[in-house]
Structure formats: structure tokens, C-alpha cells
Amino acid sequence: MKEELVFFNTVFEQELLEEIDHLSERASFSAGEVIMDYGQIVRQMPLITKGSVKISRQDEDGHELFLYYINEHETCAMTFTCCMMRNASEIKAVAEDDVEMLLLPIDVMDKWMMKYTTWKSFIMRTIMMRFNELLKTIDQIAFQQLDERLIHYLIEKSKINHSSVITLSHQTIADDLASSRVVISRLLKKLENDNQIILYRNQIKLLNLV
DNA sequence: ACATTAAGTGATT
DNA sequence: AATCACTTAATGT
């Protein structure tokens with residue numbers, strides 16, 4: 001049995017684990033590598049075993065908007081729907097740190113959904129999680145609460161990197177949140193004045209936020 | 001020391 | 001909240 005599968009012992013039944021073990025292949029990406037780009041056809045379904053993947057979406061003018069992270073022991077809801085419909089990818093996936101994953105063939109998805117209740121609930125759970133989080137983001141965008149979105153973004157980022165110090169330029173943050181650098185700089189400055197963060201060049205230290 | 005890039009600020013829409 | 005125009009600060013060569 002592949003040792004990456006140990007964690008899933010607790011969530012999947014033995015027979016399913018064995019199928020995964022036999023049918024999956026390993027893949028790894030180093031930090032910053034593009035795993036999936038827009039329009040690319042999805043052929044396999046990833047099961048993240050180590051690291052995190054950053055998912056973003058692109059608008060008509062080529063501006064990128066950060067959507068969410070996929071973490072260890074999770075899978076991608078978008079990929080799943082793409083797989084089922086045999087569609088091209090609507091999103092871009094970049095390795096946030098060094099990432100390892102198992103790739104599952106898409107043609108067994110239908111069968112597994114029927115056969116394994118643990119697989120079905122695993123898929124349902126990841127779709128539901130993503131859906132709820134996207135709803136939250138839509139709320140924040142609709143009601144123009146960029147400050148809250150920024151705080152959320154910072155906390156998320158520090159969780160992923162397991163550090164209270166984030167290494168990012170204001171420009172990068174602005175791009176991720178589809179805003180402008182000046183606005184982000186001002187909001188960050190406000191947070192610093194409220195003693196929630198400390199600003200450095202290319203770095204932000206979170207204080208009581210975590 | 002100089003050029004380049006990141007960040008801060010006031011005014012305007 | 002975004003953009004402009006400009007300043008100041010940090011960093012690389």
C-alpha cells in the first residue's frame with residue numbers, strides 16, 4: 001500500500017483504498033509550478049497528499065482573482081465536475097508549496113460514486129465546502145467589503161504557510177483580490193495602525209489575527 | 001553611487 | 001474603491 005494513503009484509512013473502506021492504490025499514479029510539483037491552466041482538459045482527478053494548491057480564476061481582461069486553496073487530504077471540486085462533464089478547466093491551479101498528489105483515472109468515478117458511500121460523501125463534502133466558501137466570497141465582493149476580504153486572505157495565507165509572517169508584495173495581493181496596489185497599501189496601513197499587523201518590505205507579520 | 005522596485009500619500013473621480 | 005501623479009524607502013548592481 002502506498003504510504004500516502006495511510007491517512008485515508010480512516011475515511012475510506014478497505015476495498016476502495018486498494019482500488020486507489022492500484023489505479024492511481026503519483027505526481028509532484030514544486031512551489032510555483034502551474035499544475036492546471038485555463039482551457040486544459042482534465043484527464044485525472046487529484047488527491048492531494050502533501051502541500052497546498054492555489055486556485056484562481058481569470059476575467060476577460062486577464063486579471064486573476066484568487067479563489068481558494070486546496071489542502072492536504074482534499075480533492076478539487078471543480079475537477080470533479082469537469083471530469084463528469086468532460087469539460088475543459090475553468091480555473092488555474094498553481095502549487096503554493098511543494099505538492100504531492102495521487103492521480104485517479106476519471107473513468108472509475110461513476111462506478112465509485114455508486115459503489116462506495118465513503119467516496120460519495122467525500123466528494124459531496126468537498127463540493128459543499130467549496131460552494132459555501134464561494135458563497136462567502138460572493139457576499140464579500142457584492143457588499144464591497146474589501147477590508148474583510150483582505151483580512152480573510154491574510155489569515156488563509158498564513159495558515160497555508162504555517163507562519164504568521166507572509167512574504168508577498170502589496171501588488172501581488174492586489175492582483176489576487178482584483179484590486180489596486182494603492183488601495184491594498186492603504187488598508188494594510190490601517191490594519192497596522194490598529195496593531196493587527198506589522199508591515200515590512202515584501203513581508204507582513206500577523207499579530208492577534210491568528 | 002545609481003537604477004530599480006516596493007510602498008506611502010494627497011487629490012480627484 | 002480606483003486612478004493619477006508624485007514622494008520616499010529599500011534593495012540590487
Side-chain angles (χ1 to χ4, degrees), chain A residues 28-40 48 50-72 74 76-78 81 88-100 126-210:
Chain A
S28 55
F29 299 87
S30 41
E33 244 187 290
V34 177
I35 298 171
M36 182 71 57
D37 216 330
Y38 311 99
Q40 222 169 304
I48 313 283
K50 182 167 165 284
S52 319
V53 179
K54 181 178 177 177
I55 306 295
S56 38
R57 177 115 175 79
Q58 202 170 45
D59 72 3
E60 321 85 55
D61 326 315
H63 294 292
E64 279 193 358
L65 173 68
F66 162 74
L67 290 180
Y68 52 78
Y69 291 109
I70 303 175
N71 298 313
E72 216 165 287
E74 292 178 358
C76 176
M78 275 307 290
T81 52
S89 171
E90 305 268 339
I91 51 159
K92 185 179 182 183
V94 178
E96 173 75 13
D97 39 30
D98 290 344
V99 172
E100 282 165 31
T126 62
I127 292 182
M128 202 181 295
M129 271 174 53
R130 236 69 273 184
F131 190 82
N132 285 333
E133 204 171 289
L134 284 179
L135 265 189
K136 211 160 73 185
T137 326
I138 289 174
D139 281 349
Q140 287 172 336
I141 295 173
F143 301 121
Q144 302 183 336
Q145 292 164 324
L146 185 56
D147 50 345
E148 276 186 29
R149 211 149 58 95
L150 175 60
I151 293 171
H152 185 250
Y153 175 89
L154 294 175
I155 293 174
E156 194 83 341
K157 179 83 182 177
S158 95
K159 268 190 206 158
I160 294 291
N161 294 340
H162 308 105
S163 160
S164 60
V165 178
I166 293 167
T167 308
L168 278 178
S169 71
H170 297 184
Q171 184 63 60
T172 313
I173 300 174
D175 290 342
D176 274 350
L177 299 181
S179 178
S180 67
R181 197 227 90 218
V182 195
V183 174
I184 296 299
S185 289
R186 288 202 168 112
L187 288 174
L188 286 172
K189 199 76 207 165
K190 205 162 69 187
L191 288 175
E192 188 178 40
N193 290 334
D194 292 347
N195 294 317
Q196 300 197 272
I197 57 174
I198 301 176
L199 296 173
Y200 307 92
R201 184 182 229 244
N202 271 318
Q203 283 197 324
I204 301 167
K205 179 169 188 155
L206 306 207
L207 301 177
N208 36 355
L209 282 177
V210 187

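Each chain gets a letter, A, B and so on, in the order the sequences are listed, and its residues count up from 1.
- Sequence order on DNA chain B of the closest nucleotides to A:H170 and A:R186 puts A:H170 first from the 5' end.
- The residue A:S180 sits close to a base: some heavy atom pair falls under 4.0 Å.
- Using modelled atom types, one side-chain atom of A:D97 and one backbone atom of A:S52 make a donor-acceptor pair closer than 3.5 Å.
- Protein atom CD1 of A:I173 is 13 Å distant from nucleotide atom P of B:dA6, rounded to whole Å.
- Nearest to the side chain of A:V182, among B:dT9, C:dA1, B:dA6, sits B:dT9.
- Of the candidate nucleotides C:dA2, B:dT9, B:dA6, B:dA6 has the atom lying nearest to any side-chain atom of A:S169.
- Distance, A:Q171 CD to B:dA7 P: 9 Å, rounded to whole Å.
- Here the P atom of nucleotide C:dA1 and the CG atom of A:L187 are 6 Å apart, to the nearest Å.
- Counting heavy atoms of neighbouring residues, nucleotides and ligands inside a 6.0 Å radius, atom OH of A:Y38 exceeds 12 of them.
- B:dA6 atom C1' lies 14 Å from atom CD1 of A:I184, rounded to whole Å.
- Using a 4.0 Å cut-off, no side-chain N or O of A:S185 falls inside it from OP1 or OP2 of B:dT9.
- Ion pair A:K136/A:E148 not flagged as a salt bridge, since none of the NZ, NE, NH1 or NH2 atoms sits closer than 4.0 Å to an Asp/Glu carboxylate oxygen.
- Atom C1' of nucleotide B:dG8 and atom CG of A:L191 are separated by 15 Å, given to the nearest angstrom.
- Within 4.0 Å of A:L188, counting heavy atoms only, lies no atom of the nucleic acid at all.
- With rounding to whole Å, A:Q140 atom CD is found 12 Å from C:dA1 atom P.
- Atom CG in A:D147 sits roughly 11 Å away from atom C1' in C:dA1 (whole-Å rounding).
- The side chain of A:K189 approaches B:dG8 more closely than any other nucleotide in the set B:dA6, B:dG8, B:dG10.
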Hey, mind stepping through A:K92 and A:I55 against side chain to side chain contact (heavy atoms under 4.5 Å, CB included) and telling me if it holds? CA-CA 6 Å; A:K92 185 179 182 183; A:I55 306 295; over 6 Å; no
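- Open room surrounds NZ on A:K190; 12 or fewer heavy atoms of other groups in view lie less than 6.0 Å from it.
- The separation between A:F143 atom CZ and C:dA1 atom P is 14 Å, rounded to whole Å.
- Distance from the side chain of A:Q144 is smallest for C:dA1 among the nucleotides C:dA1, B:dA7, C:dT3.
- Within 3.5 Å, no donor on the side chain of A:R201 pairs with an acceptor on the base of C:dT11, nor the reverse.
- For B:dA6, the base has no donor-acceptor partner in the side chain of A:R181 [N/O atoms by modelled type, under 3.5 angstrom].
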